[in-house]
Number of protein chains: 2
Amino acid sequence: MTITLNKRTFNHMVELCAHQIDIVFHALSDATRRQMLSELTLGERTVGQLAEPYDMSLAAASKHIKVLEGAGLVRREIQGRTHLCRLEPGPLATAHQWLGFYERFWTDRLDALERLLKEDDARKAAEARTQAKPASKPGNEA
Amino acid sequence: MTITLNKRTFNHMVELCAHQIDIVFHALSDATRRQMLSELTLGERTVGQLAEPYDMSLAAASKHIKVLEGAGLVRREIQGRTHLCRLEPGPLATAHQWLGFYERFWTDRLDALERLLKEDDARKAAEARTQAKPASKPGNEA
DNA sequence: AAAACACTAAACCAATCGGTTGACAATCAC
DNA sequence: GTGATTGTCAACCGATTGGTTTAGTGTTTT
């Protein structure tokens, strides 16, 4: 079961040639572009609308959009003189899956943390008990 | 219990200012570095061990590792003259969560696809039926 | 003490990145 | 047609990236 999932993820890792994952992660590594994506979450936007919030030239914003398009994260539909952009979530799903491969590591880590905290609680409780009734049950210590 | 865990992760997302997400995604945007991470999945590795598979100078690989370290994805423990590296999955969890925000978009997309396929099947089944018994139920066509 | 080892630091290089400006192309509105 | 609007393209700029090489630091081995 989990083996199948891992294989699937592994295949994704291999099949989608690494270079395209490079491109997707690189597209996501810029805050402006991530904000644009989140704006596209709310619906289609023209290039001008996407560019408007930013203190940069339209040409610069247009380049950002082209990067997103190149990563397959955005599709553009030209309507007359305006270009309508929409979110294309496929590559995001791929990246999410890629990261999902590492999920067991952080969950393991959190599990370990939880275990430590529990042990710590138990130790402190035991300490409190020995403080209250000293030398009553000298078994589990150290 | 689980609420505590989520808050912790959520704090990560908020506390980690966008610039740090920039850094994490940038670190992930290079195939060499991603391979190094996957190698660290199998256990601790020295810098030399991590560098060995690649056709580049040790100094170049060392720089890659420093990028991973800067992103918080790797922690280094200096033992004598060797540096032991281990995977630090926290930032990966953050990135995974960040992408998870967009999950509904690709699942919606897949749902829509599934619906279309189902409709298509139904249409084809109907076609087959009208082929077998022509002019039997001339209701739902076009 | 000397030599080998594991690794970083620094200087350098070509390529890319994110931004600019100015010119251009296409469309809409009058 | 004229003029505004929407957007790209091309050239340029400084900063960063990924790589190199050479030198240097500290540790282990002998």
Side-chain angles (χ1 to χ4, degrees), chain A residues 17-40 43-87 91, chain B residues 17-40 43-87 91:
Chain A
C17 62
H19 187 244
Q20 283 189 274
I21 301 197
D22 287 9
I23 292 175
V24 171
F25 277 130
H26 170 252
L28 294 178
S29 76
D30 183 281
T32 301
R33 290 192 287 261
R34 286 198 309 274
Q35 273 183 270
M36 284 176 167
L37 285 184
S38 91
E39 178 69 22
L40 286 174
E44 301 179 344
R45 295 286 185 273
T46 69
V47 169
Q49 287 172 332
L50 282 176
E52 191 271 337
Y54 304 101
D55 186 23
M56 66 176 74
S57 67
L58 179 64
S62 170
K63 276 200 212 176
H64 279 300
I65 295 169
K66 223 166 45 174
V67 170
L68 291 171
E69 211 181 354
L73 292 163
V74 158
R75 247 182 46 208
R76 179 191 309 245
E77 187 180 340
I78 300 180
Q79 287 185 350
R81 63 180 163 181
T82 75
H83 297 202
L84 257 186
C85 300
R86 68 160 54 83
L87 183 64
Chain B
C17 61
H19 184 244
Q20 285 187 275
I21 300 196
D22 288 8
I23 292 174
V24 171
F25 276 130
H26 170 252
L28 294 178
S29 76
D30 183 280
T32 301
R33 290 191 289 260
R34 286 198 307 277
Q35 273 182 271
M36 284 177 167
L37 285 183
S38 92
E39 178 68 22
L40 286 174
E44 301 180 342
R45 295 287 186 272
T46 69
V47 169
Q49 287 172 333
L50 282 175
E52 189 271 336
Y54 305 101
D55 186 23
M56 66 177 75
S57 66
L58 179 64
S62 169
K63 278 200 211 175
H64 279 299
I65 295 169
K66 221 166 46 175
V67 170
L68 292 170
E69 210 182 355
L73 292 163
V74 158
R75 245 182 48 207
R76 179 191 308 246
E77 188 181 341
I78 300 181
Q79 287 186 351
R81 64 181 164 180
T82 74
H83 297 202
L84 257 186
C85 301
R86 68 161 53 83
L87 184 63

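Values reported hereafter were calculated over all heavy atoms of this structure, with side chains retained and with hydrogens, waters and symmetry mates removed. All chains are named by letter (A, B, ...) in the order of the sequence lines, taking the proteins before the strands, and each is independently numbered beginning at 1.
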Handout entry: Taking every non-hydrogen atom, the tightest pair across Cys85(B) and Leu40(B)
Key = O-CD2, 3.4 Å

Practice task
Figure out the NZ/P separation between Lys63(A) and dT20(C), and round it to whole Å.
Solution key: 9 Å

Handout entry: Short side-chain N/O contact from His83(B) to OP1 or OP2 of dG26(D), under 4.0 Å
Key = no

Completion exercise
Between Met36(A) and Tyr54(A) the two heavy atoms that sit nearest each other are N-OH, 3.6 Å

Exercise for the section: Using atom CG of Leu58(B) as one end and atom P of dA9(C) as the other, report the distance to the nearest whole Å. Expected result: 12 Å

Hey, what are the protein-to-nucleotides 28-30 of chain C N/O distances that come in under 3.5 Å?
none

Practice task
Take the protein atom NE2 of His64(B) and the nucleotide atom P of dG19(D), then report the distance between them rounded to whole Å.
Solution key: 3 Å

Handout entry: Heavy-atom side-chain proximity of Arg33(A) to His26(A) below 4.5 angstrom
Key = yes

Exercise for the section: Between dG18(C), dG19(C), dT8(D), spot the one nearest the side chain of Arg76(A), thanks. Expected result: dT8(D)

Exercise for the section: Only counting residues at least two apart or in another chain, list the ones meeting side-chain contact (heavy atoms from CB on, under 4.5 Å) with Gln49(A). Expected result: Arg45(A), Thr46(A)

Practice task
Check the distance between dG18(C)'s C1' and His19(B)'s NE2 and give it to me in whole angstrom.
Solution key: 13 Å

Exercise for the section: Provide, to the nearest angstrom, the distance between the CZ atom belonging to Arg33(B) and the P atom belonging to dT17(D). Expected result: 9 Å

Fill in the blank from the handout: The reported gap from NE2 in His64(A) to CG in Leu37(A) (rounded to nearest 0.5 angstrom) is 12.0 Å

Practice task
Give a yes/no on whether any side-chain N or O of Ser62(A) is located under 4.0 angstrom from OP1 or OP2 of dT8(D).
Solution key: yes

Problem - Spatial distance of atom OG1 (Thr82(B)) from atom CD (Glu77(B)) [nearest 0.5 Å] - result: 9.0 Å

Problem - Distance-minimising heavy-atom pair for Pro91(A) and Leu73(A) - result: CB-CD2, 3.7 Å

Handout entry: Qualifying residues under salt bridge (charged side-chain N to carboxylate O under 4.0 Å, His left out), relative to Asp22(B), sequence neighbours excluded
Key = Arg34(A)

Fill in the blank from the handout: Distance col, row Arg86(A):CZ vs Glu44(A):CD, nearest 0.5 angstrom, shows 4.0 Å

Practice task
Specify the separation, in whole Å, of atom CD1 of Ile65(B) and atom P of dG19(D).
Solution key: 12 Å

Handout entry: Ile23(B): side-chain contact (heavy atoms from CB on, under 4.5 Å) partners, not counting sequence neighbours
Key = His19(B), Ala71(B)

Handout entry: DNA chain D contacts made by residues 46-57 of chain B, counting heavy atoms under 4.0 Å
Key = Met56(B), Ser57(B)

Give each protein N/O atom lying under 3.5 Å from an N/O atom of nucleotides 22-24 of chain D, with the pair distance.
none

Problem - Atom-pair distance (NE2 on His26(B); C1' on dG18(D)), nearest Å - result: 9 Å

Handout entry: Atom pair distance, as rounded to whole Å: CG in Asp22(B) and P in dA15(D)
Key = 19 Å

Handout entry: Side-chain heavy atoms of His83(A) within contact of Ile65(A), under 4.5 Å
Key = no

Exercise for the section: Just call it for Lys66(A): base, sugar-phosphate, or nothing, with non-hydrogen atoms closer than 4.0 Å on any strand. Expected result: sugar-phosphate

Problem - Given DNA chain C, 5'-ward residue of the pair Ala61(A) and Leu84(B), judged by closest heavy atom - result: Leu84(B)

